[in-house]
Amino acid sequence: MQPTSHLHLGNYLGALKNWVKLQNEPDSECLYGVVDLHAITQPYEPGALAQATREIAAAYIAGGIDPAKSTLFVQSAVPGHSQLMWMLSTLTQMGKLERMTQFKDKAGKNAERAGLGLFAYPVLMAADILLYKATHVPVGEDQKQHLELAREIAGTFNHRFGEEFFPLPEPYITGAATRVMSLRDGTQKMSKSAESDMSRINLTDDADVIAKKIKKAKTDADPLPGTMKALEGRPEAKNLVTIYAALSEKNEDTVLQEFEGKGFGDFKPALIDLAIAKVAPVTARMTKLMADPAHIDKILAAGNVKANIIAQDVLEDVQRMMGFWRKG
Ligand code: AMP
C-alpha cells in the first residue's frame with residue numbers, strides 16, 4: 001500500500017484482511033511492503049512521507065500482520081525495486097501502459113503533463129512482485145489489470161532470456177469486498193483521493209465519526225430484498241450489504257436473509273455497531289503503535305534486511321541472464 005494518506009475500509013477489506021489470511025496459511029512465505037516509491041508518482045509532501053510510511057506499517061501490524069511471520073519492509077530501502085524496474089521497462093511496450101485504466105484515471109484529462117513515473121507505475125509494480133519471485137499477490141479488484149501486465153512482463157522476460165525464471169504471479173482476490181465503493185456514490189470506488197472524507201471510513205476514524213459517516217451514507221427508500229441478485233441497480237444498497245458481509249465474514253445472501261423486508265433505518269444501526277466493533281480495535285492498536293515510532297522503525301529496518309537478501313539474489317540472477325559484465 002502507498003503511504004499517501006490514511007488507509008480506508010476498502011484497503012482493509014480488499015487487501016489487508018486477505019494478507020493476514022495468506023500469512024496464516026501453512027507453508028506461506030509473505031512479504032509486505034510499504035510502497036513509498038509509488039507514493040511519489042503524484043504530488044506529495046516530502047515532510048510527511050516518512051511518518052506516513054510508519055503509519056501504514058502500523059496499520060499492517062494492527063490489522064494482523066505479524067512481523068515475526070511476515071517480512072515487513074519499505075520499498076525505497078530495497079534498491080532492487082528500482083533496478084529491476086529499469087530492466088523490465090526495456091521489455092514493456094508503451095502501448096500496453098497506455099491501456100492501463102488507473103493511469104487514465106489518475107492522469108485525468110491532462111495526460112501529456114503526467115509524470116513518467118505515473119505512466120511507468122505498473123512496471124515498478126511488476127518489479128515489486130517479481131523481485132521476490134512471488135507466486136501470489138493479494139490485491140483488490142482494481143489492481144487486476146496491473147497484475148495481468150506483471151504476468152505478461154514475467155512471460156516476456158522468460159521467453160527472451162530462455163528460462164522459466166519468473167513464476168507467473170497469480171492474483172489472490174478473495175472475500176466479499178474485493179471492491180468497496182464510496183459511501184456517497186455507489187458507482188465510484190472508495191478511495192483515498194476522493195475529495196469528500198464522508199465517502200470513506202478511514203482506519204483512523206473514531207466511533208463517532210464512523211457512526212456519522214454510515215448514518216449519512218447514501219441509500220434508497222426501498223426495503224432490503226432476500227438476495228443480492230435482487231439488489232441489481234441499487235449500487236449504494238449493495239455496497240453497504242457487501243461491507244456488512246465482509247466485516248461479519250458472512251455470505252451476502254445470508255446477511256440479506258437476516259434483514260429481508262427491513263429498511264435502512266434498521267440496517268444502518270446494525271452496520272454501525274458492526275463497523276465500530278471491527279474497526280475500533282484496529283484503530284486502537286494503530287494508535288498504540290504510533291506512540292512508539294522507534295519500535296516501528298526497528299521492525300521495518302529488520303524487514304528491509306530480510307527483503308534485501310532475497311532481492312539481491314534475484315537481481316544478480318537477472319543481471320547474469322541479461323548478460324551484464326561482472327568481474328569474473
Ligand atoms: P492503494 O490505495 O492504491 O495504495 O491500494 C492498496 C491496496 O488496497 C490494493 O491492493 C488495492 O487493490 C486495495 N484497495 C484500494 N481501494 C480499494 C477498494 N475501494 N476496495 C477494495 N480494495 C481496495
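These values consider heavy atoms only, across backbone and side chains, with no hydrogens, waters or symmetry-generated copies. Because the structure is predicted, anything quoted here is derived from the model rather than measured.
Within a 6.0 Å radius of CD in Glu260, other residues, nucleotides and ligands contribute more than 12 heavy atoms. Heavy atoms of other residues, nucleotides or ligands lying less than 6.0 angstrom from CD of Glu195 number 12 at most. Counting heavy-atom neighbours within 6.0 Å of Gln93 CD, excluding the residue itself, gives a total of 12 or less.
Looking at heavy atoms from C-beta onward, Leu16 lies in side-chain contact with Ile65 at the 4.5 angstrom threshold. Using a 4.5 Å heavy-atom cutoff, the side chains of Met190 and Leu9 are in contact. At a threshold of 4.5 Å between non-hydrogen side-chain atoms, the residues Met85 and Leu131 do not count as touching. Looking at heavy atoms from C-beta onward, Leu256 lies in side-chain contact with Leu231 at the 4.5 angstrom threshold. Using a 4.5 Å heavy-atom threshold, the side chains of Arg200 and Leu183 count as separate. Counting only heavy atoms from C-beta outward, the side chains of Tyr12 and Val282 approach each other to under 4.5 Å. Counting heavy atoms from C-beta outward, Glu152 and Phe157 have side chains that stay 4.5 Å or more apart. Proximity of Ile129 to Leu147: side-chain heavy atoms (C-beta onward) are separated by under 4.5 Å at one or more points.
Looking at Glu170 and Thr135, their side chains never bring a donor and an acceptor atom within 3.5 Å of each other. Judged purely by distance below 3.5 Å, without hydrogens or angles, the side chains of Asp128 and His38 pair a donor atom with an acceptor atom. Side-chain contact, Lys69 with Asn24: a donor N or O sits under 3.5 Å from an acceptor N or O. Judged by distance alone, the side chains of Thr174 and Asn18 never bring a donor and an acceptor atom under 3.5 Å apart. Looking at Glu141 and Thr178, their side chains do bring a donor and an acceptor atom within 3.5 Å of each other. Defined by atom type and a distance below 3.5 Å, a donor-acceptor pair is missing between the side-chain atoms of Thr4 and Gln42. With 3.5 Å as the limit, one finds no donor-acceptor pair spanning the side chains of Thr204 and Asn202.
Judged purely by atom type and a 3.5 angstrom limit, Asn308 uses its side chain to pair as donor or acceptor with the backbone of Asn304. Judged purely by atom type and a 3.5 angstrom limit, Asp313 has no side-chain atom pairing as donor or acceptor with the backbone of Ile310. Of the possible donor and acceptor atoms, one in the side chain of Gln75 sits under 3.5 Å from a partner among the backbone N and O of Leu37. Side chain of Ser70 to backbone of Leu31: no donor-acceptor contact under 3.5 angstrom is found. When atom types are taken as modelled, the side chain of Lys268 and the backbone of Lys215 share a donor-acceptor pair closer than 3.5 angstrom. When atom types are taken as modelled, the side chain of Tyr60 and the backbone of Gly33 share a donor-acceptor pair closer than 3.5 angstrom. Remark: side-chain polar atoms of Arg320 are not paired, donor with acceptor, to backbone N or O of Arg326 under 3.5 angstrom.
Taking the six-membered ring where tryptophan is involved, the planes of His81 and Tyr132 are tilted, since the angle between them lies from 30° to 60°. In this structure, His136 and Tyr172 have perpendicular ring planes: the angle between them is above 60°, well past the 30° mark. Taking the six-membered ring for Trp and thresholds of 30 and 60 degrees, Phe103 and Phe119 have ring planes more than 60 degrees apart, a perpendicular arrangement.
Electrostatic pairing of Lys17 and Glu249 counts as a salt bridge here, judged by a charged N lying under 4.0 Å from a carboxylate O. A salt bridge links Lys250 with Glu258: at least one charged nitrogen is closer than 4.0 Å to a carboxylate oxygen. For the pair Asp142 and Lys189, the salt-bridge criterion is met [side-chain N within less than 4.0 Å of a carboxylate O].
The two residues Ala275 and Ile210 come nearest to each other via the heavy atoms CB-CG2, 3.9 Å. Among all heavy-atom pairs drawn from Ala39 and Leu49, the shortest one is CB-CD1, 4.2 Å. Contact between Pro223 and Arg234 at its shortest, heavy atoms only, is O-NH1, 3.2 Å. The two residues Ala311 and Val78 make their nearest non-hydrogen contact at CB-CG1, 3.7 Å. Minimum interatomic distance between Thr187 and Pro235 (heavy atoms only, all atoms of both residues): CG2-CG, 4.2 Å. Looking at every heavy atom in both residues, Lys278 comes nearest to Leu247 through CE-O, 3.2 Å.
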Original post:
Please walk me through it: do Lys213 and Asp197 pass salt bridge (charged side-chain N to carboxylate O under 4.0 Å, His left out)?
Top reply: CA-CA 9 Å; Lys213 287 180 175 175; Asp197 194 54; 3.0 Å; yes
**OP:** Apply ring-ring contact (aromatic ring centres under 6.0 Å, His included) to Phe161 and Phe165, showing your working.
**Re:** CA-CA 9 Å; Phe161 299 102; Phe165 181 72; 9.8 Å; no
**OP:** Check the pair Asp36, Val74 against side-chain contact (heavy atoms from CB on, under 4.5 Å), reporting the backbone distance first and the verdict last.
**Re:** CA-CA 7 Å; Asp36 51 353; Val74 179; 3.2 Å; yes
**OP:** Go through the steps for Ile153 and Phe166 under the test side-chain contact (heavy atoms from CB on, under 4.5 Å), then give the verdict.
**Re:** CA-CA 10 Å; Ile153 295 175; Phe166 288 123; over 6 Å; no
**OP:** Determine, stepwise, if the pair Phe259 / Tyr244 fulfils ring-ring contact (aromatic ring centres under 6.0 Å, His included).
**Re:** CA-CA 11 Å; Phe259 289 93; Tyr244 191 105; 5.4 Å; yes
Original post:
Would Gln145 and Gln102 satisfy side-chain contact (heavy atoms from CB on, under 4.5 Å), going step by step from the backbone distance to the final call?
Top reply: CA-CA 9 Å; Gln145 197 188 26; Gln102 202 167 85; 5.9 Å; no
**OP:** Could you give me the CA-CA distance, side-chain angles and deciding distance for Asp66 and Gln23, then say whether side-chain contact (heavy atoms from CB on, under 4.5 Å) is met?
**Re:** CA-CA 8 Å; Asp66 176 357; Gln23 163 191 268; 3.8 Å; yes
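The NZ atom of Lys21 sits 14.5 Å away from atom CH2 of Trp19, with the distance rounded to the nearest 0.5 Å. If you take CD on Gln319 and CG on Leu84, they are separated by 9.5 Å, rounding to the nearest 0.5 Å. If you take CG on Leu149 and CG on Leu97, they are separated by 6.0 Å, rounding to the nearest 0.5 Å. Atoms OG and CD, from Ser199 and Gln188 in turn, are 9.5 Å apart once rounded to the nearest 0.5 Å.
Screening residues 103-117 for salt bridge (Lys or Arg N to Asp or Glu O under 4.0 Å), with sequence neighbours left out, gives no hits.
Judged as a salt bridge (charged side-chain N to carboxylate O under 4.0 Å, His left out), and not counting sequence neighbours, the contacts of Lys218 are Glu236.
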